[in-house]
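Here's the structure we're looking at; comments come further down.
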Amino acid sequence: MTPVLNAAGRNRRLLSSVALISLIWPAAGHAQTATRGLDPIVVEGQSAQPSKPRAAANAGSSRQRRPAARSAAAPAPAPTPTQAATASTAAAPTFNLGTPASSASRLNLTPLQTPASVEIITADTIAERGQHNVIDAVTQNAAGFTASPAPGNGGLAFNTRGFTGNGTVMSLYDGTRMYVGSGTMTFPFDTWTAQRIEVLRGPASVMYGEGAIGGAINVIPKKPSWLPRNEAELSLDTNLTRRLAVDSAGPINPNVSYRLAAIGNMSDGWVDRDKTSNVAVSGSIRVQAADNLAFTLSEDYADRSPSRYFGTPLVNGRLDESLRFQNYNVGDASIRYRDNWTQLKTEWDVAEGVSVKNVTYYLSTHRHWKDVESYAFNPATGQINRSSYIEIFHDQEQVGNRFDTTLRGHLFGLANEFVAGFDVNRITFTHTNNSPYAGTSSVTPYNFDPGYFLPVSPTRPSFHTQTMQYGLFAENRLSLTDQLAVVGGVRSDHPTVERTDFLTPSNSFEKTYSAPSWRAGLVYTPIKDLAFYGQYSTAVDPVTNLITMTGVNRDFALSTGKQVEIGVKQQLAGGRAEWTLAAYQIVKNNLLARDPQNPANTNPLQIGQQSSRGIEASAGFKVTETLRLDANVAVLRAKYDDFVQVVGGKAVNYAGNVPANVPQVVSNIWATWAFAPGWSANAGVQLVGDTWADNANTLVRPAYNVVNAGLMWKPDAQQTFALRVYNLFDTVYATSGNTSQWLLGMPRTAELSYNVKF
């Protein structure tokens with residue numbers, strides 16, 4: 001073990017040195033630099049204008065711009081109660097095509113300038129619709145997204161464009177990814193601390209490295225502000241969910257501003273014996289060290305005791321609605337997640353057209369499950385058989401640094417924007433469990449004693465991994481004419497995984513992977529705010545989560561994917577309407593499949609292929625000053641082209657089958673009506689098509705429609721009372737599950753909330 005420890009020490013020192021040098025260099029070089037300043041801070045509530053070329057936007061000295069920016073952020077006179085009471089207008093559509101988005105490009109392009117499908121979901125939209133968690137905010141607003149949340153995957157698994165799970169639909173926080181271990185992601189989860197959520201559909205490997213062949217979701221936290229503001233909210237619903245939230249921001253002195261947002265809730269849950277509690281705190285301080293140099297230190301912490309409901313068992317292959325509120329977990333079941341994210345961001349405008357950004361971060365998560373997770377109805381006895389008595393600990397730490405330099409100017413006389421940089425990470429992961437997860441018991445369907453956890457197998461460390469990753473990336477936008485631009489990117493990642501298997505030492509290994517990806521696209525804007533685009537992109541995806549790669553899978557190459565996408569976007573009527581239309585095809589190769597010539601061989605081969613193609617459309621329209629409509633729809637055909645599995649000792653090719661958890665039709669429709677002074681109402685319906693519960697396509701989870709509605713009253717500009725009803729028609733539906741048990745969605749729930757700004 002000595003050489004391994006020495007290597008780990010060298011890697012740790014190397015990473016620390018790189019992070020320190022990248023952080024100190026801009027500050028040390030400031031005295032020798034020019035005077036161009038940072039972009040003005042956009043205060044929440046300000047309307048964002050369509051992006052202009054950076055060189056023009058940054059004209060003038062930073063010393064002239066910084067006072068102007070702060071002057072713009074000065075508090076405006078608050079509306080009088082009479083003014084607030086007489087106001088009755090609906091907000092603009094919610095796609096934000098003219099707002100810069102960082103999730104699909106490091107060049108600060110707007111969705112109109114980006115040859116990809118990008119959406120921005122603002123905090124105002126999320127609050128108006130009462131979407132307290134990231135799952136609801138994404139799936140009820142963004143086109144083509146559904147989710148398969150479960151306690152086993154951390155409750156944050158998304159599906160889009162035919163691909164599912166945390167490995168292929170990436171979740172990020174403020175542009176930083178935590179590497180997924182054992183298919184689980186537990187942060188971010190609550191929307192109170194979010195300023196906006198940016199959604200990218202299609203491969204994102206060029207942006208974030210291996211994985212994300214289906215898309216990426218980036219939750220942007222609330223930022224420090226020069227505008228003083230304070231806000232508090234409390235709510236209570238019919239599941240006895242008590243929710244209290246606070247948010248405060250403002251200047252500490254002329255060069256330092258802050259933000260502190262916190263949320264806590266407790267609930268009795270909607271199934272039996274399922275009390276939950278969550279706490280999340282997000283704090284940040286921004287130091288304007290000079291006109292052209294700023295540091296932002298942020299700290300995010302979350303402590304969750306989530307639902308311990310693992311699903312409802314099917315009875316003879318069907319859902320028995322009389323079991324809807326039963327919880328078959330043991331009485332002493334316990335689940336807890338603790339996440340911590342610390343980031344230090346440096347932004348330095350070196351000179352006119354040259355800017356540098358560096359982010360150094362420390363991420364950690366500690367998770368614990370102790371429960372029984374599998375339930376099956378036994379027709380012979382009429383009882384529920386319980387199995388998989390599981391105790392698992394995840395202990396993960398990630399230290400990393402991301403550095404990039406942006407150049408804006410001209411190339412051969414043409415306007416050009418270029419960014420290049422690197423990512424470097426060290427990730428450690430320890431998996432402790434009681435494998436082989438033995439233990440069984442049976443209970444009656446109703447009025448049963450839940451019993452206690454059976455410690456049949458000892459809980460002990462199973463394996464430890466250390467992953468060293470570095471990646472180089474570059475992106476460029478060249479304006480061939482005023483109407484035509486070429487946007488391209490390239491990235492190369494090289495992760496090295498070192499696994500120490502405590503139970504079977506022969507399964508220990510060290511392996512280095514190569515993960516190149518690239519994309520190229522055209523954006524044609526024949527008239528203002530109308531953009532046609534096309535893009536070809538590639539992606540790489542591990543056959544399983546990289547940092548928890550097993551000895552069986554270590555020698556397999558990374559799966560590869562490619563996508564072709566074309567589309568059109570438009571913002572019109574002075575921002576009163578927006579619409580988008582996209583068509584795509586994605587092909588993923590090198591899936592693990594059984595050998596069709598030798599079914600008895602349990603070692604898989606990389607011979608599988610999966611594909612999807614579809615059309616996505618979205619539109620938003622402010623019909624009148626008091627009425628707004630938003631809608632989107634995604635229709636796709638996802639299938640396995642070649643995927644051999646062994647069934648009953650025989651090789652069966654699932655070619656033509658639809659992957660599990662992939663609906664073929666998804667849609668959202670929202671209406672908001674400011675029907676009287678100080679009063680507004682909204683209603684939305686989420687439509688999800690039939691979904692197969694298994695890859696063999698033997699059992700389908702039925703399509704469902706869920707309607708949510710809300711009524712809001714603003715007696716003055718500072719206060720808002722809201723009554724919301726989720727799942728208005730009490731639809732019984734399943735969000736995920738296999739052929740024996742399904743996780744059901746929340747029943748009809750009414751919530752009353754009060755929000756005050758001061």
Side-chain angles (χ1 to χ4, degrees), residues 148-155 184 238-241 266-277 304-337 367-393 433-459 660 693-694 698-699 701-702 730-749:
S148 301
N153 59 33
T184 306
T238 51
N239 297 323
L240 292 184
T241 302
M266 295 187 297
S267 178
D268 285 1
W270 60 269
V271 296
D272 293 339
R273 299 177 294 101
D274 196 33
K275 292 182 182 294
T276 64
S277 63
R304 302 173 62 195
S305 295
S307 171
R308 298 176 300 283
Y309 164 69
F310 274 84
T312 299
L314 304 181
V315 177
N316 299 321
R318 294 179 176 272
L319 178 64
D320 184 343
E321 293 188 14
S322 69
L323 305 181
R324 183 183 188 186
F325 301 104
Q326 301 295 322
N327 180 6
Y328 293 101
N329 214 328
V330 291
D332 59 345
S334 175
I335 304 177
R336 188 179 182 187
Y337 311 138
R367 309 175 184 128
H368 179 220
W369 295 263
K370 187 177 181 180
D371 45 52
V372 57
E373 301 183 1
S374 298
Y375 322 128
F377 176 75
N378 187 331
T381 64
Q383 293 191 317
I384 306 298
N385 294 340
R386 305 186 302 185
S387 58
S388 298
Y389 279 74
I390 287 178
E391 182 169 35
I392 292 176
F393 292 86
N433 59 56
N434 67 333
S435 177
Y437 313 123
T440 60
S441 62
S442 298
V443 295
T444 59
Y446 312 97
N447 303 317
F448 56 89
D449 179 1
Y452 298 97
F453 186 83
L454 300 176
V456 178
S457 305
T459 301
D694 61 340
T698 61
L699 183 65
R701 296 200 303 269
D730 201 25
T731 301
V732 180
Y733 64 100
T735 59
S736 60
N738 51 34
T739 57
S740 62
Q741 69 190 74
W742 290 351
L743 276 83
L744 304 183
M746 185 173 69
R748 179 168 51 227
T749 300

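Counting from 1, the numbers follow the sequence of the chain as shown. Excluded from the calculations below are hydrogen atoms, water molecules and symmetry mates; all remaining heavy atoms, backbone and side chain alike, are included.
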(message) side chain to side chain contact (heavy atoms under 4.5 Å, CB included), that's the test. Do Y375 and T312 meet it? Break it down for me.
(response) CA-CA 8 Å; Y375 322 128; T312 299; over 6 Å; no

(request) Might you confirm whether atom CE of M266 has over 12 heavy atoms from other residues, nucleotides or ligands at distances under 6.0 Å? (result) no

(message) Just so I know, are the side chains of Y337 and W369 near enough to count as touching, which here means a heavy-atom distance under 4.5 Å?
(response) yes

(request) Grab the two heavy atoms, one from N738 and one from W742, that are nearest each other, plus how far apart they are. (result) O-NE1, 2.8 Å

(request) Tell me yes or no: between the side chains of S267 and N239, is some donor less than 3.5 Å from an acceptor? (result) no

(message) As an exercise, state the distance from CG of D268 to OG1 of T238, rounded to the nearest 0.5 Å.
(response) 11.0 Å

(request) Could you tell me which non-hydrogen atom of S442 sits nearest to which non-hydrogen atom of N385, and how far apart they are? (result) OG-OD1, 2.8 Å

(message) If I compare all heavy atoms of R336 with all of S305, which pair ends up nearest, and what's the gap?
(response) CG-OG, 4.3 Å

(request) Check whether any side-chain heavy atom of Y389 sits under 4.5 Å from a side-chain heavy atom of V456, and report yes or no. (result) no

(request) Locate the shortest heavy-atom distance separating I335 from P151; write the atom from each residue and the value. (result) CD1-CB, 3.9 Å

(message) Quick check: closest heavy atoms across G317 and L699, and the distance to 0.1 Å?
(response) O-CD1, 3.7 Å

(request) Just do the side chain to side chain contact (heavy atoms under 4.5 Å, CB included) check on T241 and T749 with the steps written out, would you? (result) CA-CA 10 Å; T241 302; T749 300; over 6 Å; no

(message) Rounded at 0.5 Å granularity, tell me how far CZ in F393 sits from CG in N434.
(response) 9.5 Å

(request) Any chance you could measure S441, atom OG, to F448, atom CZ, to the nearest 0.5 Å? (result) 10.0 Å

(message) Between L743 and P149, is there a side-chain heavy-atom distance shorter than 4.5 Å?
(response) no

(request) Return yes if some donor-acceptor pair links the side-chain N/O of T381 with the main-chain N/O of Q383 below 3.5 Å, else return no. (result) yes

(request) Answer yes or no: is there a side-chain heavy-atom contact under 4.5 Å between F377 and I384? (result) yes

(message) Over 60° means perpendicular and under 30° means parallel, so tell me whether Y309 and W270 are parallel, tilted or perpendicular.
(response) perpendicular

(message) Under the criterion side chain to side chain contact (heavy atoms under 4.5 Å, CB included), I'd like the reasoning laid out for S322 against Y446: C-alpha separation, chi angles, the key distance, then a yes or no.
(response) CA-CA 9 Å; S322 69; Y446 312 97; 2.5 Å; yes

(request) Please tell me if the side chains of P436 and S457 come closer than 4.5 Å, counting only heavy atoms from C-beta onward. (result) yes

(message) Whether the side chain of E373 engages the backbone of F310 through a donor-acceptor N/O pair (distance < 3.5 Å, no angle test) should be reported.
(response) no

(request) Look up atom OG1 in T276 and atom CZ in R304, then write down how far apart they are to the nearest 0.5 Å. (result) 9.5 Å

(request) Give a yes or no answer on whether the side chain of R308 reaches the backbone of N327 with a donor-acceptor pair at less than 3.5 Å. (result) no

(request) Would you indicate whether the side-chain heavy atoms of F453 and E391 approach each other to under 4.5 Å? (result) yes

(message) For a quick test of reading the model, state the closest non-hydrogen atom pair linking L744 to R324 and the distance between them.
(response) CD1-CG, 3.9 Å

(request) Examine distances only and state if a side-chain atom of D730 and a backbone atom of R748 form a donor-acceptor pair shorter than 3.5 Å. (result) yes

(message) Taking S307's backbone N and O only, do any of them form a donor-acceptor pair with D274's side chain (distance below 3.5 Å, no angle check)?
(response) no

(message) With side-chain contact (heavy atoms from CB on, under 4.5 Å) as the test, pick out the partner of V372 among L454, N329, I390, T440.
(response) N329

(request) Output the distance between atom CZ (R367) and atom CD1 (I392), rounded to the nearest 0.5 Å. (result) 11.0 Å

